[in-house]
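What follows is a set of notes on a single structure, which appears directly below.
Remember, it's 1-based here, ligands and their atoms both numbered in the order they're listed.
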Amino acid sequence: MEKGYTVSITGVGSFLPRKVLTNDDLTRMLDTTDEWITKRTGIKERRIVENGVTASDLAMEASLRALDDANILSSEVDLIVAATITPDCLVPSTACFIQEKIGAKNAGAFDILAACAGFVYALSIAKGFVASGAMKTVLVIGTECLSKITDYTDRSTCILFGDGAGAVVVQRGNGKREIVTTYLGSDGSKADLLTLSAGGPRLPASQATIESHSHYIQLKGKELFKTAINNMVDMIVKAAAENNMQVEDIDLIIPHQSNIRIIEAAMEKLKLPKKKAYVNIGRYGNTSAASIPIAIDEVDKEELLNPGDSVLLVAFGGGLTWGTSFIKW
Ligand code: UT7
């Protein structure tokens, strides 16, 4: 099959709000302990936006950093793809707010909703546009204000989530950070495992939806947990095979940060050392679509990789949705 142009990530950036919500803070709000949260999730603290700050605000900061890193102007962006489950509002798209905030006056803009797999979905879209020659420069963003849809009276979910944003610039291949393959999957029969059910046409906002806390994220944690591990293992094996490699040839896996136990269990099943998975969940919690681009930015800034290293992004989330991107650094 004709593959078209090679495609690279030419700039990366991220932004985390300054305000920190620690496990100790949560113990003052709920019947929980730092020990339980740390042991069951790996999370010690997460970042939370101030009132009035939205996903497009975080995305603007991350995007400007990514554009600066790519050494391009916002006017050079052809398309903005924003992955988020916490859009500023339902209409218009958050991508349009970002377009205006960064002054990307020549860009198309749309959102994509694929929960925690949102960033790998968006990256795959960008790769397609650039590889085909239809676009030269696509800005891909994962941005979330999960604190706005978190029920802080539900101790089994509120301990997990945090806010943040990450962005990458995707352009024709420059021999570095090449997006070699992408893979996407879904299973709508398990849609009920992670939902925010109210506020749309299926269940419009009402007194009853407010009373039942249906405007907050709700998850069936145990089932998600098991599915996530098996799914991650399958995806990593598949991505290695597709790229004619053994799983142990992958230099670094950058997984969606959902739970340290999910990541470690998958690594154990694959007989890979823990250090081959990049983990920052302790500092930020689960930031859904933002977790992978934030991690990419940290890996880049900390210079953890060498040119030519094999890097696999792996995500799994509500929908269910999942996906990978294999990157030759
Ligand atoms: O991002 C994409 C998708 N997200 C995920 O994949 C998340 C996957 N799920 C998880 O990470 C875990 O299932 C959770 C962290 C959400 C929950 O951990 P768990 O080990 O599955 O705990 P559990 O829900 O089975 O609860 C075990 C016990 C329960 O008490 P009993 O019934 O055994 O007496 C809970 O009530 O722990 C209790 N519990 C807590 N105790 C203290 C639940 N939350 C808390 C808490 N503090 N915050």
*Under a 4.0 Å N-O cut-off, is there an ion pair linking Asp57 with Lys101?*
yes

*Pick one of side chain, backbone, both or neither for how Ile262 approaches ligand 1, counting any non-hydrogen atom pair under 4.0 Å.*
side chain

*asked:* Considering non-hydrogen atoms of the protein only, which is the closest contact for atom 36 (O) of ligand 1, and what is the distance?
replied: Arg155 NH2, 3.0 Å

*Note the single closest protein heavy atom to atom 27 (C) of ligand 1, along with its residue, its atom name and the distance in Å.*
Arg40 NH1, 3.7 Å

Under 3.5 Å, sequence neighbours excluded: what are the donor-acceptor pairs made by side chains of residues 122-146?
residue: Ser124; atom: OG; partner: Thr182; partner atom: OG1; Å: 3.2
residue: Ser132; atom: OG; partner: Gly128; partner atom: O; Å: 3.3
residue: Ser132; atom: OG; partner: Phe129; partner atom: O; Å: 3.0
residue: Ser132; atom: OG; partner: Ala134; partner atom: N; Å: 3.1
residue: Thr137; atom: OG1; partner: Gln171; partner atom: NE2; Å: 2.9
residue: Thr143; atom: OG1; partner: Ala55; partner atom: O; Å: 2.7
residue: Glu144; atom: OE1; partner: Thr84; partner atom: OG1; Å: 3.2
residue: Glu144; atom: OE1; partner: Ile85; partner atom: N; Å: 3.0
residue: Glu144; atom: OE1; partner: Thr86; partner atom: N; Å: 3.2
residue: Glu144; atom: OE1; partner: Thr86; partner atom: OG1; Å: 2.7
residue: Glu144; atom: OE2; partner: Ile85; partner atom: N; Å: 3.1
residue: Glu144; atom: OE2; partner: Ser288; partner atom: OG; Å: 3.3
residue: Glu144; atom: OE2; partner: Ala289; partner atom: N; Å: 3.2

_Closest protein heavy atom (residue, atom, distance) for atom 26 (O) of ligand 1_ = Trp36 CZ2, 4.3 Å

*Inspect the contact between Asp297 and Lys301 and indicate whether a charged nitrogen and a carboxylate oxygen are less than 4.0 angstrom apart.*
yes

*Of all the non-hydrogen atoms in the protein, which one sits nearest to atom 46 (C) of ligand 1, and at what distance?*
Thr32 OG1, 3.3 Å

*Among all protein heavy atoms, pick out the one at the shortest distance from atom 25 (O) of ligand 1; state its residue, atom name and that distance to 0.1 Å.*
Lys222 NZ, 2.7 Å

*Just distances here: any N/O of Phe316 and N/O of ligand 1 closer than 3.5 Å?*
no

*Would you say Thr33 and ligand 1 have an N/O pair spaced under 3.5 Å apart?*
no

*asked:* Below the 3.5 angstrom mark, is there an N/O of Ser258, backbone or side chain, next to an N/O of ligand 1?
replied: no

*Identify, for atom 2 (C) of ligand 1, the protein heavy atom at the shortest distance, and state residue, atom and that distance.*
Cys116 SG, 3.4 Å

*asked:* Assess the residue pair Asp31 and Arg155 against the criterion (salt bridge (Lys or Arg N to Asp or Glu O under 4.0 Å)); give the C-alpha distance rounded to whole Å, side-chain angles, the decisive distance to 0.1 Å, and a yes or no.
replied: CA-CA 7 Å; Asp31 179 16; Arg155 69 177 182 171; 3.6 Å; yes

*asked:* How far is atom 14 (C) of ligand 1 from the closest protein heavy atom, and which atom is that?
replied: Asn259 ND2, 4.5 Å

_For Lys44, is there an ion pair with Asp34 - N to carboxylate O distance below 4.0 angstrom?_
yes

*Starting from atom 8 (C) of ligand 1, locate the nearest protein heavy atom and write down its residue, its atom name and how far away it is, to 0.1 Å.*
Gly221 O, 3.6 Å

*With Trp322 as reference, evaluate Asp187, Leu184, Asp234, Val120 under the side chain to side chain contact (heavy atoms under 4.5 Å, CB included) test and give the passing residue.*
Asp187

*Asp192 and Lys220 ion-paired at < 4.0 Å*: yes

